[in-house]
Amino acid sequence: MQQDLLHRYLFDDLDVRGELVQIENAYNEMIANHNYPQPVKALLGELLVATCLLTATLKFEGEIAVQLQGDGPVKYAVINGDDKQNMRGIARMQSEVTGSSVKELIGKGYMVITITPTKGERYQGIVPLEHDTLSECIESYFEQSEQLKTRLWFATDTSEGNAKACGLFLQVLPVDKQKSIDDFAHLEALSSTIKDEELLKLDANTVLTRLYHEDNPRVFEPQAITFKCGCSREKTITALVNVGRQALLDDVAKNGSVNISCHYCLKEYIFNEQDVKNIFN
């Protein structure tokens, strides 16, 4: 059974669209071997879900980065992805983690959403982190940038090796203003009854049927989500060229080799003296 899926849905008679995302494998791969504290794992899980939902909502072809940065214990947390739902992410800490809310983890800071389309101009949106939860911060983003009423619900389980991150998304469709508001209020009330346990343990169809059994959501073909780092030996070589031949040879003479570790997946690339010479030949 495919465990990492994004489901989009619409209602025939209601001016609202929705998304449901459930991620297990990609989330476990993302946090494996990083030794993040539990609150940081949960934050990255929510950020991963948020990025998947945003990618599907903003309808573009290209890459997206959603980054939280501030002066708190977590210096920054970022998810990089694309319209194919290939995702990777990382968090960097600068002091001991003591709290669990966005404000306690990130401190005074911002959410930066950067969209780099395959065609067209790069777009960047910056939102101050003025709320305790990531869902509220993203709702504010849509309120400010799109002027569209939006609600999100997140649930994470950070169990070692069995982590799971899930999310539910509702957004008003700007058709008939009053009808849209009424439709949204109706579905928001239903969606607010969702329990974390249901999002984490039930399959998508069961969740949607339980929530909206009288409103007949039309669910589209789901999109698979994967963890894809994107690092390679070739890209590492490109970075090494900027360091310079002599500096690299000095490093080899001192340490026996040049070892470069990918920040995202922790894969290590090793270059000996001959490798370095080959790069510059």
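Since we're looking at a predicted model, the values are computed, not measured.
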**Request:** Kindly check if the number of other-residue, nucleotide or ligand heavy atoms within 6.0 Å of CD (Glu268) is above 12?
**Result:** yes
**Request:** Could you verify whether a donor N or O on one side chain and an acceptor N or O on the other, from Asn86 and Thr226, lie under 3.5 Å apart?
**Result:** yes
**Prompt:** Does atom OH of Tyr123 have more than 12 heavy-atom neighbours, drawn from other residues, nucleotides or ligands, at distances under 6.0 Å?
**Reply:** yes
**Request:** Could you tell me which residues satisfy salt bridge (Lys or Arg N to Asp or Glu O under 4.0 Å) with Arg92, sequence neighbours excluded, listed by chain and number?
**Result:** none
**Request:** Give a yes or no on whether a salt bridge exists between Arg8 and Glu19, defined as a side-chain N under 4.0 angstrom from a carboxylate O.
**Result:** no
**Item:** Test item: Thr150 and Val172 side chains (from C-beta on) under 4.5 Å apart, heavy atoms
**Value:** no
**Message:** Is there a continuous path of hydrophobic side-chain contacts, each under 4.5 Å between heavy atoms, that joins Ile79 to Tyr141?
**Reply:** yes
**Heavy-atom side-chain proximity of Ser140 to His131 below 4.5 angstrom** = yes
**Asked** Are Leu187 and Leu168 connected in a single hydrophobic cluster, I mean Ile/Leu/Val/Met/Phe/Trp/Tyr linked by side-chain heavy atoms less than 4.5 Å apart?
**Response** yes
**Check ion pair Asp15-Lys177 (N to O, under 4.0 angstrom)** = no
**Request:** For the pair Lys41 and Glu160, find out whether any cationic side-chain nitrogen is under 4.0 Å from an anionic carboxylate oxygen.
**Result:** yes
**Item:** Pair Asp183 + Lys179: basic N to acidic O under 4.0 Å
**Value:** yes
**Interatomic distance, Leu68 atom CG to Cys137 atom SG [nearest 0.5 angstrom]** = 7.5 Å
**Request:** Salt-bridge test for Glu198 and Arg210: reply yes if a basic N is under 4.0 Å from a carboxylate O, no otherwise.
**Result:** yes
**Side-chain ion pair, Lys149 and Glu143, N-O less than 4.0 Å** = no
**Item:** Arg233 CZ to Cys231 SG distance, which is reported to the nearest 0.5 Å
**Value:** 12.0 Å
**Request:** Give a yes-or-no answer on whether the side chains of Thr158 and Gln38 include a donor-acceptor pair shorter than 3.5 Å.
**Result:** yes
**Message:** Just by distance, no angles: are the side chains of Asp250 and Gln246 close enough, under 3.5 Å, to form a donor-acceptor pair?
**Reply:** yes
**Request:** Check the pair Asp215 / Leu14 against side chain to side chain contact (heavy atoms under 4.5 Å, CB included), numbers first and verdict last.
**Result:** CA-CA 8 Å; Asp215 296 295; Leu14 302 170; 3.6 Å; yes
**Asked** Do the side chains of Leu170 and Ile138 join up, straight or via other hydrophobic residues, at under 4.5 Å, putting them in one cluster?
**Response** no
**Request:** Check whether any side-chain heavy atom of Lys164 lies under 4.5 Å from a side-chain heavy atom of Thr156, and answer yes or no.
**Result:** no
**Prompt:** Centre of Phe184's six-membered ring, under 6.0 Å away, within 45 degrees of the axis: is that where NZ or CZ of Arg151 sits?
**Reply:** no
**Prompt:** Do the two ring centres, one from Phe11 and one from Tyr212, sit under 6.0 Å apart?
**Reply:** yes
**Asked** Between Phe154 and Met30, is there a shared hydrophobic cluster once you connect ILVMFWY residues whose side-chain heavy atoms come closer than 4.5 Å?
**Response** yes
**Prompt:** Is any side-chain heavy atom of Cys229 closer than 4.5 Å to a side-chain heavy atom of Cys262?
**Reply:** yes
**Message:** Checking Asp182 against Gln178: is there a side-chain donor and acceptor pair closer than 3.5 Å?
**Reply:** yes
**Prompt:** So how far is it from Phe60 CZ to Leu54 CG, rounded to the nearest 0.5 Å?
**Reply:** 9.0 Å
**Shared hydrophobic cluster for Tyr264 and Val112 (ILVMFWY, side-chain gaps under 4.5 Å)** = no
